[in-house]
Amino acid sequence: MPLNVPGLLVPLQLLWNPRLIVPAICVDIRQLDFLALKKAGYRGAVFDKDNCLTIPYKDELVPELNDAWKECKQVFGKQNVLVVSNSAGTHLDGGGIQAESVSYHLGVPVLMHTSMKPSYSCIKSIRQYYSSLQVPVRDDQLLIVGDRLFTDITLANRMRSWHGWRQFLRLTKNDPTPTQGPLAIWTTGVWQKEATAMRWGEARYWPWCRMGASCARYKYDCVGFIRELPQPPESPKRDLWGGVLKIVGLRLALSRFIVLC
């Protein structure tokens with residue numbers, strides 16, 4: 001995995017903005033109720049690829065997500081679901097070959113961008129994509145789903161607060177509120193271990209940042225967007241004692257038959 005400078009600089013920004021890596025929801029993707037999210041006003045979804053939808057360095061969807069992924073595309077529409085990866089679709093993806101493969105296997109577009117998540121340049125590319133649709137999708141109508149706090153969740157929270165240098169320098173009259181941005185969703189399941197050092201660092205920062213971001217306006221009422229994780233079908237239980245008694249009964253019957261003969 002190439003060096004991600006924007007991601008490595010995130011801990012410095014946490015010193016004055018600890019809420020940057022605080023997600024709105026922490027769930028397994030299979031727990032998301034996409035229909036409820038659509039009814040609440042969300043019209044598009046941005047997904048990470050590696051360890052979120054696929055095994056790292058693979059382009060195929062993990063089988064466990066087949067039903068959830070199908071539902072997501074049906075609810076939002078394929079063009080409104082976008083994969084934003086730090087591998088496929090970046091400057092490292094020569095000719096966009098991997099992006100084309102991922103798009104083929106997942107059935108949705110892959111963003112072509114020159115700078116890695118969570119850079120402001122990547123945010124600009126996401127906004128350009130959704131504003132170019134026949135029915136544009138605003139920031140506050142987006143979900144951003146990923147397994148990394150320093151990249152995916154930071155990207156979502158930067159979109160909530162970053163609206164260009166004019167807003168940053170207070171040159172605009174109307175400043176956006178914290179509610180005017182994407183819903184940051186942190187996926188708790190990891191399909192394969194990778195980037196263990198970065199994940200260790202995220203795990204150490206996470207409790208401290210969560211306490212630092214306890215302001216009420218950053219709390220979300222998202223219970224209605226979460227459902228129970230589907231349970232795997234139970235294998236039929238074998239009646240051990242019933243089987244033993246049946247075998248004993250058959251042997252007794254056979255011994256009586258031999259005696260009578």
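The main-chain N or O of Pro136 is found under 3.5 Å from a side-chain atom of Arg43 such that the two form a donor-acceptor pair. At distances below 3.5 Å, at least one donor-acceptor pair connects side-chain atoms of His113 with backbone N or O atoms of Ser85. Of the possible polar contacts, one joining the Asp152 side chain to the Asp147 backbone as a donor-acceptor pair under 3.5 Å is found. The backbone N or O of Ile97 sits nowhere less than 3.5 Å from a side-chain atom of Glu100 that would complete a donor-acceptor pair. Distance alone, capped at 3.5 Å, places no donor-acceptor pair between the Trp186 side chain and the Ile153 backbone. Of the possible polar contacts, one joining the Ser103 side chain to the Val108 backbone as a donor-acceptor pair under 3.5 Å is found. Side-chain atoms of Asp93 come within 3.5 Å of backbone atoms of Gln98 as a donor-acceptor pair (strictly under, hydrogens ignored). In this structure a side-chain-to-backbone donor-acceptor pair under 3.5 Å is present from Asn66 to Pro63.
Hydrophobic clustering, with ILVMFWY side chains joined whenever heavy atoms are under 4.5 angstrom apart, groups Leu133 together with Val46.
Taking each heavy atom of Asn86 and Thr151 in turn, the nearest pair found is ND2-CG2, 4.2 Å. Residue Ser87 comes nearest to Asp50 through the heavy atom pair OG-OD2, 3.5 Å, listed as atom of the first residue, atom of the second, then distance. Scanning both residues, Asn157 and Ala184, for their nearest heavy atoms gives OD1-CB, 4.3 Å. When all heavy atoms of Pro23 and Ile21 are compared, the closest pair comes out as CD-O, 3.3 Å. The two residues Leu142 and Ala45 make their nearest non-hydrogen contact at CD2-N, 4.1 Å. For the residue pair Lys78 and Pro109, the shortest heavy atom distance occurs at O-CD, 3.3 Å.
A distance of 9.0 Å separates CD of Gln128 from CG of Leu111, quoted to the nearest 0.5 Å. Note that CD1 of Ile144 is 5.5 Å distant from CD1 of Ile126, once rounded to the nearest 0.5 Å. With values rounded to the nearest 0.5 angstrom, Thr54 atom OG1 is found 10.0 Å from Leu65 atom CG. How far NZ of Lys38 is from CD of Gln141: 10.5 Å, rounded to the nearest 0.5 Å. One distance of note links OH of Tyr120 with CZ of Arg127; it measures 10.5 Å at 0.5 Å rounding. Note that CG of Leu143 and CZ of Phe225 are 8.5 Å apart. Values are rounded to the nearest 0.5 Å.
Counted within 6.0 Å of NZ on Lys73, heavy atoms from surrounding residues, nucleotides or ligands total more than 12; the atom is thus considered enclosed.
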* When you look at Asn80 and Val137, which way does the side chain to side chain contact (heavy atoms under 4.5 Å, CB included) test go after all the steps? -> CA-CA 8 Å; Asn80 283 19; Val137 179; 3.8 Å; yes
* Asked: Would Ser119 and Ser121 count as a side chain to side chain donor-acceptor pair (under 3.5 Å) if you check the C-alpha gap in whole Å, the side-chain angles of each, and the deciding distance to 0.1 Å?
  -> CA-CA 5 Å; Ser119 67; Ser121 175; 4.9 Å; no
* To do: Take Val84 and Met112 through the side chain to side chain contact (heavy atoms under 4.5 Å, CB included) test and state the conclusion after the steps.
  => CA-CA 8 Å; Val84 181; Met112 303 299 295; over 6 Å; no
* To do: Apply side chain to side chain contact (heavy atoms under 4.5 Å, CB included) to the pair Leu183 and Leu37, showing each step before the final yes or no.
  => CA-CA 10 Å; Leu183 188 70; Leu37 286 161; 3.9 Å; yes
* To do: Could you check Glu60 against Lys49 for salt bridge (charged side-chain N to carboxylate O under 4.0 Å, His left out), going step by step and ending with a plain yes or no?
  => CA-CA 10 Å; Glu60 300 83 9; Lys49 182 184 86 70; over 6 Å; no
* Tell me, with the steps shown, if Leu155 and Arg158 meet side chain to side chain contact (heavy atoms under 4.5 Å, CB included). => CA-CA 5 Å; Leu155 179 83; Arg158 278 182 174 175; 5.9 Å; no
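Within the 4.5 Å cutoff, side-chain heavy atoms of Val83 are placed close to those of Leu53. Within the 4.5 Å cutoff, side-chain heavy atoms of Val62 are placed close to those of Ile55. Residues His105 and Leu61 fail the side-chain proximity criterion, which asks for heavy atoms closer than 4.5 Å. Ile185 has its side chain out of reach of Gln31: every pair of non-hydrogen atoms, C-beta onward, lies at least 4.5 Å apart. Proximity of Val145 to Thr187: side-chain heavy atoms (C-beta onward) are separated by under 4.5 Å at one or more points. Between Arg148 and Asn51 the shortest side-chain heavy-atom distance does not fall below 4.5 Å.
Between Asp48 and Lys117 a salt bridge is recorded (basic side-chain N to carboxylate O distance below 4.0 Å). Salt bridge status for Arg30 with Asp67: absent, with no side-chain N to carboxylate O gap under 4.0 Å.
Remark: Arg138 fails to qualify as a cation-pi partner of Tyr130 under the 6.0 Å distance and 45° angle criteria applied to the six-membered ring.
Using a 30° and 60° split on the angle between ring planes, Phe47 and Phe34 fall in the tilted class, from 30° to 60°.
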